[in-house]
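Worksheet for the structure shown next.
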Amino acid sequence: MCSRTNRSSRTGRPRSTEADTAILEATRAALVELGWSKLTMGDVAGRAGVAKTTLYRRWANKSELVVDAVAVLFDELELPDLGSLQADIEHVVLQFAALLERPETKTALMAVVAESTRDEPLRERIRTSIVDRQKRLVLEGRIRAQRRGELPADRDPVAVDATDDLIFDVIAGAVVHRALVSAEPVDEPWVARLSALLVGGLGAVAAARG
């Protein structure tokens with residue numbers, strides 16, 4: 001991150017949003033076609049119609065590039081207000097499952113997670129670029145549920161943050177395992193059971209604290 005920023009500041013040229021979009025789209029297309037092992041920065045540059053030096057001004061290596069290419073897909077997830085916490089959860093989980101069905105998401109996510117087992121900086125980039133950014137959905141859902149009166153107001157910020165982390169881990173872990181590991185359908189009946197379990201658990205935790 002720092003080295004890339006330093007290179008960018010030396011050039012004095014602003015980043016192009018159009019170029020970034022083309023590069024990330026080319027990265028996802030190359031991953032689907034070539035796979036992780038055959039993917040190169042040169043191939044992505046050629047597909048995106050930019051110089052390879054343009055890539056290296058933005059990303060130090062293909063690991064960083066692939067993480068950012070999949071991170072923008074997860075940014076598409078939204079939490080609409082459907083009137084209840086359970087309905088909101090069901091909707092975003094189905095969105096998440098549909099995203100994982102896309103070949104570019106599945107290939108990219110599986111590749112970077114596997115690579116991160118031996119690359120701590122890559123693991124940290126996944127955490128900051130994907131995991132931490134998507135925890136916003138849990139925060140939005142909790143605040144909305146509190147406004148509706150479905151959950152009590154926060155009393156212990158530390159405990160609330162820990163619960164938010166756990167909710168995210170449960171949802172992400174369950175959906176990724178079912179969709180990508182066990183290859184079972186993440187359909188509406190399954191999602192309804194998962195969301196009911198979560199909402200019931202949150203109610204029990206709130207009662208225990210209260």
Side-chain angles (χ1 to χ4, degrees), residues 1 3-5 8 15-50 52 54-79 91-140 165 167-186 191:
M1 289 289 288
S3 61
R4 191 167 67 245
T5 302
S8 297
R15 288 180 63 155
S16 165
T17 301
E18 293 78 8
D20 283 358
T21 299
I23 290 167
L24 297 178
E25 288 178 350
T27 301
R28 293 189 293 269
L31 266 172
V32 173
E33 182 179 331
L34 303 174
W36 173 269
S37 62
K38 294 181 180 179
L39 177 71
T40 67
M41 298 287 270
D43 182 79
V44 172
R47 289 169 183 259
V50 300
K52 190 158 64 171
T54 300
L55 265 68
Y56 282 108
R57 280 198 299 268
R58 292 158 164 77
W59 296 277
N61 51 54
K62 77 173 185 179
S63 297
E64 290 188 1
L65 175 58
V66 171
V67 170
D68 285 4
V70 74
V72 298
L73 298 179
F74 283 100
D75 286 341
E76 296 174 8
L77 296 175
E78 296 178 347
L79 188 70
H91 185 89
V92 77
V93 169
L94 287 169
Q95 280 187 76
F96 182 30
L99 182 59
L100 292 180
E101 289 180 358
R102 291 164 60 172
E104 63 270 32
T105 311
K106 184 185 302 184
T107 304
L109 187 61
M110 296 289 275
V112 295
V113 169
E115 192 69 15
S116 72
T117 60
R118 51 183 177 271
D119 186 338
E120 179 57 35
L122 177 58
R123 188 180 302 124
E124 178 60 24
R125 192 176 184 88
I126 292 171
R127 184 160 44 243
T128 58
S129 298
I130 299 176
V131 175
D132 289 347
R133 283 200 335 223
Q134 298 315 313
K135 284 183 179 178
R136 64 184 169 82
L137 298 169
V138 177
L139 177 61
E140 289 173 15
D165 287 345
I167 293 168
F168 182 89
D169 291 343
V170 168
I171 293 175
V175 176
V176 169
H177 183 274
R178 187 167 177 86
L180 302 185
V181 179
S182 62
E184 296 288 341
V186 183
V191 171

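Because only heavy atoms are used, hydrogens play no part in the values below, and waters and symmetry mates are left out as well, while side chains stay in.
With sequence neighbours left out, Asp165 forms a side chain to side chain donor-acceptor pair (under 3.5 Å) with Lys135. With sequence neighbours excluded, the residues satisfying side chain to side chain donor-acceptor pair (under 3.5 Å) with Glu18 are Ser16. Glu33 meets the salt bridge (charged side-chain N to carboxylate O under 4.0 Å, His left out) test with Arg47; sequence neighbours excluded. Partners of Glu25 by side chain to side chain contact (heavy atoms under 4.5 Å, CB included), not counting sequence neighbours, listed by chain and number: Thr21, Arg28. With sequence neighbours left out, the side chain to side chain contact (heavy atoms under 4.5 Å, CB included) criterion links Pro185 to Arg178, Asp187. Applying the side chain to side chain contact (heavy atoms under 4.5 Å, CB included) test to Val92 and every residue at least two apart in sequence or in another chain returns Leu79, Gln95, Leu137. With sequence neighbours excluded, the residues that form a salt bridge (charged side-chain N to carboxylate O under 4.0 Å, His left out) with Arg127 are Glu120, Glu124. Applying the side chain to side chain donor-acceptor pair (under 3.5 Å) criterion to Thr54, with sequence neighbours excluded, gives Arg57. Applying the salt bridge (charged side-chain N to carboxylate O under 4.0 Å, His left out) rule to Asp75 yields the partners Arg133; only residues at least two apart in sequence or on another chain are considered. Under the rule for a ring-ring contact (aromatic ring centres under 6.0 Å, His included), Phe168 has no partner lying at least two apart in sequence or in another chain. Evaluation of the side chain to side chain contact (heavy atoms under 4.5 Å, CB included) rule for Ser116 yields Leu122, Arg123, Ile126 as partners, not counting sequence neighbours.
Looking at every heavy atom in both residues, Leu31 comes nearest to Ala108 through CD1-CB, 3.5 Å. Taking both residues in full, the closest heavy atoms of Thr105 and Val70 are given as CG2-CG2, 4.1 Å, listed atom of the first, atom of the second, then distance. When all heavy atoms of Ser63 and Val112 are compared, the closest pair comes out as O-CG1, 4.5 Å. Closest approach of Ala22 and Ala48 over heavy atoms only: O-CB, 3.8 Å. Among all heavy-atom pairs drawn from Thr40 and Asp43, the shortest one is OG1-N, 3.0 Å. Heavy atoms only, all atoms of each residue included: Val67 and Ser129 are closest at CG1-CB, 3.9 Å.
A side-chain contact (heavy atoms from CB on, under 4.5 Å) with Phe96 holds for exactly one of Val176, Val186, Val191; it is Val176. When each of Glu64, Lys62, Met41 is tested with Leu55 by the rule side-chain contact (heavy atoms from CB on, under 4.5 Å), just one qualifies, namely Met41.
Note: Tyr56 OH to Leu65 CG = 9.5 Å, rounded to the nearest 0.5 Å. Atom CG in Leu109 sits 6.5 Å away from atom CD1 in Ile130 (nearest 0.5 Å). Leu34 contributes atom CG, which lies 6.5 Å from atom CG of Leu39 (distance to the nearest 0.5 angstrom).
Among pairs with a residue in residues 92-109, those fulfilling salt bridge (charged side-chain N to carboxylate O under 4.0 Å, His left out) read Glu76-Arg102, Arg102-Glu104, at least two apart in sequence or across chains.
You'll find the side chain of Trp59 stays beyond 4.5 Å of the side chain of Val66, heavy atoms only.
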